[in-house]
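Only one structure is covered here, and it is reproduced in the block below.
Order of the sequence lines fixes the chain letters, A, B, ..., with proteins taken first and strands second; residue numbering starts at 1 for each chain. What you see below is based on every heavy atom in this structure, not just the backbone, and it leaves out hydrogens, waters and symmetry mates.
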Number of protein chains: 4
Amino acid sequence: MCSDATERRAPSKAPTAGRSFIETARRRQLIDAAVATVNEIGYHRASLAEIAKRANIAKSAVVYYFASKEALLLELVETVFAALGEAVLTSVDGVESPAARLRAYAEAYLAHVDADRHAIVAAVEIVISHRTADGTPLYLIEDDQDTALLRSILAAGMEDGTFRTMPIGVATGLAESVLDRAITLVQRAPQSDLGELRAHALPFLFRALGVAHV
Amino acid sequence: MCSDATERRAPSKAPTAGRSFIETARRRQLIDAAVATVNEIGYHRASLAEIAKRANIAKSAVVYYFASKEALLLELVETVFAALGEAVLTSVDGVESPAARLRAYAEAYLAHVDADRHAIVAAVEIVISHRTADGTPLYLIEDDQDTALLRSILAAGMEDGTFRTMPIGVATGLAESVLDRAITLVQRAPQSDLGELRAHALPFLFRALGVAHV
Amino acid sequence: MCSDATERRAPSKAPTAGRSFIETARRRQLIDAAVATVNEIGYHRASLAEIAKRANIAKSAVVYYFASKEALLLELVETVFAALGEAVLTSVDGVESPAARLRAYAEAYLAHVDADRHAIVAAVEIVISHRTADGTPLYLIEDDQDTALLRSILAAGMEDGTFRTMPIGVATGLAESVLDRAITLVQRAPQSDLGELRAHALPFLFRALGVAHV
Amino acid sequence: MCSDATERRAPSKAPTAGRSFIETARRRQLIDAAVATVNEIGYHRASLAEIAKRANIAKSAVVYYFASKEALLLELVETVFAALGEAVLTSVDGVESPAARLRAYAEAYLAHVDADRHAIVAAVEIVISHRTADGTPLYLIEDDQDTALLRSILAAGMEDGTFRTMPIGVATGLAESVLDRAITLVQRAPQSDLGELRAHALPFLFRALGVAHV
DNA sequence: GATGAATGAGGCTTCATTCAT
DNA sequence: TATGAATGAAGCCTCATTCAT
């Protein structure tokens with residue numbers, strides 16, 4: 001759905017500017033509660049009341065901290081994808097060759113999805129389901145620059161002959177799809193063991209990209 | 001999301017048993033309206049009122065033909081995936097070698113998604129978003145046997161050495177993910193040109209499966 | 001609820017005037033279906049659709065024969081209580097002494113309730129539940145003259161010293177209540193055996209009215 | 001309909017646990033409004049909107065305090081019959097002889113019906129008309145133990161020779177019917193003067209039970 | 001900093017009734 | 001004679017949000 005998040009723009013509001021300790025904690029707690037709620041009953045039924053219940057807090061307190069339900073959901077999505085983006089970004093830091101960078105990227109991506117699966121599944125469901133007031137789906141807003149890092153790795157690899165040449169958009173999209181299989185898996189069964197996938201997805205992807213000796 | 005549909009079970013009720021001409025037409029019209037509605041404003045906001053508005057019909061008339069909103073949505077999903085399943089099933093009919101069967105399957109799949117994109121995008125959004133009364137997501141119900149054909153093709157190909165050996169579940173899932181890239185594309189931009197993808201996805205997939213001479 | 005129905009006024013419309021054979025049969029059939037429906041699911045849920053279903057007929061056909069749901073229900077009530085009224089009226093015909101008349105009345109009443117219990121229970125539920133368009137409950141319309149026969153028997157008995165003297169309204173009401181215990185019983189359990197009640201209610205009532213040697 | 005209520009079970013939820021002052025008041029107000037509504041327009045038409053209108057409150061506020069219309073109605077019934085049960089229970093407390101106990105019981109019952117007539121008429125109509133989601137009428141749930149006190153008094157009286165021996169079920173039922181005449185009266189005319197009935201019902205009942213010197 | 005109270009908009013569904021055939 | 005089609009009104013309920021405290 002959303003493979004990375006290079007150079008994440010600063011969140012709309014100042015990140016943690018002027019937030020009291022308790023406020024930060026409450027916001028964290030509410031995001032966690034929202035994750036749990038979406039996972040348990042789905043975006044469609046994740047009402048403020050349900051989220052508040054799971055946070056052991058009054059419904060109106062949610063709005064007190066987040067101005068609106070949408071703001072909470074958006075921050076959840078932002079937070080989750082920022083973490084994923086940071087993970088992959090860190091993983092390729094200092095790595096030189098396109099092949100090694102792709103390997104690092106993919107492994108970090110899959111590892112992060114594996115580790116943070118609950119939050120990611122919730123965030124993905126929100127991105128798919130939520131629409132802003134004017135009807136725009138979130139994935140049209142969130143997307144784009146998220147795949148920039150992956151795209152740049154693949155482009156570099158094609159340039160230097162590591163990867164087969166093919167339209168960069170197609171390659172990026174297919175690579176993204178392969179990696180996102182991990183998300184589909186945990187979506188369908190939260191307890192899935194991702195071991196097998198993690199073992200085979202990378203060779204699969206490398207071969208697909210024309211790297212013969214894998 | 002849903003790569004094929006071997007031997008689709010007959011819909012719960014008799015298919016078109018004793019339906020008047022006008023009833024059949026209305027049901028078709030309502031399903032189309034539902035597709036349009038979901039595509040325009042999303043599952044979450046696709047209320048009976050919105051669907052009825054697009055069908056130029058009273059809200060209560062929708063229920064007159066479908067008993068419930070859920071019934072309408074479910075029939076939409078059933079119809080759409082049945083057509084997709086039939087398309088791929090037909091395409092491999094009489095084809096012998098695993099490689100040729102996979103090629104036929106993938107081309108039919110992509111062609112169908114390309115041609116029927118609106119309906120498929122709507123159906124996929126419903127499958128992802130809808131929950132039955134007891135909270136079960138639809139994709140947990142709909143799934144399973146839908147990938148049976150693809151799985152059997154891959155299994156046969158591994159058996160006879162056409163494809164590299166790897167866990168069948170992983171292979172099927174990754175192949176599905178590659179093909180479903182087409183759905184993701186039309187989801188994000190309904191007017192997408194799938195030409196490039198259709199040209200490259202199959203070689204990409206074949207290489208990934210270890211078929212060298214592609 | 002409603003002890004008898006002396007000198008029933010003619011039903012609003014001419015009784016059977018100019019009704020074809022089939023029309024009469026249909027009306028009968030629909031009344032029976034309405035009785036069954038009310039008994040099975042209660043007045044509140046006894047919709048035209050449910051009644052029609054039990055009559056194996058289209059919903060619109062009900063209205064075709066009865067002009068409105070209310071007309072059907074009212075005719076049901078009318079029919080049922082007319083039969084009860086006729087039964088008791090016949091039973092006292094030619095009987096002279098107040099005591100014997102009361103005995104005849106009570107036995108006929110209880111026997112009729114016992115025999116026609118389904119229809120009576122349904123009619124009573126309708127009388128209790130239904131309100132005309134202006135909000136008047138049916139029992140305020142239906143009642144009154146229904147107790148005239150019982151009242152006249154008791155009045156005669158008090159006059160000639162058979163029964164203890166007491167306000168005629170109170171006596172009639174209490175006697176009615178005693179007899180209506182049979183209805184309450186079948187209301188609560190449609191299969192009730194009324195044998196015990198039928199054996200003891202009359203002595204109970206006679207003693208209550210001051211007839212010592214019972 | 002419901003002659004007493006020995007040892008009323010505690011309401012499902014804690015009685016008034018943790019209810020704020022305003023909540024208690026609102027709930028009371030809503031129950032009163034429901035009583036008024038049912039009396040004015042009948043159970044069948046007593047919608048949330050009508051109840052809310054009479055309580056000068058928004059429809060949704062009703063649900064805010066009661067979770068569902070059914071919960072409100074059930075609490076109304078519970079409250080009303082609990083009060084009636086308590087009244088009769090208190091009245092016989094410390095009274096020894098069956099005759100005196102029956103007198104106390106009957107007088108308390110009639111006095112309570114007389115005093116609380118509006119609420120009782122409403123509660124009775126609800127008990128008769130309401131069906132739970134699965135179709136069960138309320139009187140099949142509410143009933144049973146409500147007549148236990150009356151039954152025990154009559155049984156004791158038969159045992160010690162005060163009352164004529166007769167099947168206890170029949171006796172209890174008929175006694176109940178006699179007393180419930182008061183309810184029927186106020187049902188049909190809310191302003192009825194119960195004076196005459198209260199003066200004659202008890203002697204009537206005693207004679208019926210074979211107590212000669214009344 | 002946090003909440004209980006309250007609401008209005010909107011969602012799904014039921015239903016008696018009308019009408020053309 | 002009978003019905004399928006269609007509807008509008010109304011019913012119950014959910015929910016995000018506002019506000020006074």
Side-chain angles (χ1 to χ4, degrees), chain A residues 20-23 25-26 44-52 55-73 133, chain B residues 18-23 25-26 44-52 55-72 133, chain C residues 20 22-23 25-26 44-52 56-73 133, chain D residues 18-23 25-26 44-52 55-72 133:
Chain A
S20 74
F21 169 73
I22 192 163
E23 179 164 8
R26 274 279 193 242
H44 196 58
R45 299 183 184 175
S47 64
L48 279 189
E50 290 287 347
I51 295 172
N56 261 92
I57 215 179
K59 197 170 47 160
S60 40
V62 180
V63 177
Y64 177 73
Y65 282 108
F66 276 100
S68 75
K69 184 192 176 185
E70 182 171 53
L72 165 57
L73 261 22
Chain B
R19 286 223 225 288
S20 72
F21 169 74
I22 191 162
E23 178 164 9
R26 271 278 193 246
H44 191 54
R45 298 185 179 179
S47 63
L48 278 189
E50 291 287 347
I51 295 172
N56 260 99
I57 216 180
K59 220 175 22 165
S60 46
V62 181
V63 174
Y64 175 71
Y65 284 107
F66 276 101
S68 76
K69 183 191 176 186
E70 183 170 53
L72 166 56
Chain C
S20 75
I22 192 164
E23 178 164 8
R26 273 280 194 241
H44 197 58
R45 297 183 184 176
S47 64
L48 278 189
E50 290 286 347
I51 295 171
N56 260 94
I57 216 179
K59 200 170 45 161
S60 40
V62 180
V63 177
Y64 176 72
Y65 283 109
F66 276 101
S68 76
K69 184 190 176 185
E70 183 171 52
L72 166 57
L73 262 23
Chain D
R19 286 223 222 289
S20 73
F21 170 74
I22 192 164
E23 179 164 9
R26 271 278 193 246
H44 191 55
R45 300 185 176 178
S47 64
L48 277 189
E50 291 286 346
I51 295 171
N56 260 97
I57 216 179
K59 222 174 22 165
S60 46
V62 180
V63 174
Y64 175 71
Y65 284 107
F66 274 102
S68 75
K69 183 191 176 188
E70 182 171 52
L72 166 56

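- B/Ser20 contributes atom OG, which lies 5.0 Å from atom CD of B/Glu23 (distance to the nearest 0.5 angstrom).
- Using a 4.0 Å cut-off, some side-chain N or O of B/Ser20 falls inside it from OP1 or OP2 of F/dA5.
- Atom CD in D/Glu70 sits about 8 Å away from atom P in F/dC13, given to the nearest Å.
- Base engagement by B/Ala61 is indicated by at least one non-hydrogen atom pair under 4.0 Å involving a base atom.
- E/dT14 atom C1' lies 13 Å from atom NZ of D/Lys69, rounded to whole Å.
- Considering only heavy atoms from C-beta on, A/Arg45 stays 4.5 Å or farther from A/Glu50 through its side chain.
- With values rounded to the nearest 0.5 angstrom, A/Phe66 atom CZ is found 11.0 Å from A/Leu48 atom CG.
- Of the two residues near DNA chain F, C/Arg26 and A/Arg45, the one whose nearest nucleotide lies more 5' is C/Arg26.
- Nucleotides of DNA chain E nearest to B/Ala49 and D/Ile57 differ in position, and the one nearer the 5' end is that of D/Ile57.
- Of the candidate nucleotides F/dT18, F/dG4, F/dA16, F/dA16 has the atom lying nearest to any side-chain atom of A/Lys59.
- B/Leu48 has its CG atom 19 Å from the P atom of F/dG11, to the nearest Å.
- Put simply, CG on D/Asn56 is 14 Å from C1' on E/dT7, counting in whole angstrom units.
- In this entry the distance linking OH of D/Tyr64 with C1' of F/dA16 reads 14 Å, nearest Å.
- Straight-line distance from the CG atom of B/Leu72 to the P atom of E/dC12: 11 Å, rounded to whole Å.
- What separates CZ of A/Phe66 from C1' of F/dA16 is a distance of 16 Å, to the nearest Å.
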Stepwise side-chain contact (heavy atoms from CB on, under 4.5 Å) test for A/Lys59 and A/Ile51: CA-CA 8 Å; A/Lys59 197 170 47 160; A/Ile51 295 172; over 6 Å; no
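- For E/dG4, the paired nucleotide is F/dC19, the pair qualifying as Watson-Crick or G-U wobble because both relevant distances are below 3.5 Å.
- Comparing C/Val62 and D/Ser60 by the nucleotide of DNA chain F that holds the closest heavy atom to each, the one mapping nearer the 5' end is C/Val62.
- For B/Ser47 and D/Ile22, each mapped to the nucleotide of DNA chain E holding its nearest heavy atom, the one lying further toward the 5' end belongs to D/Ile22.
- A donor-acceptor pair under 3.5 Å is formed between the side chain of A/Lys69 and the backbone N or O of A/Ala46.
- Residue C/His44 contributes atom NE2, which lies 12 Å from atom C1' of E/dC15 at whole-angstrom precision.
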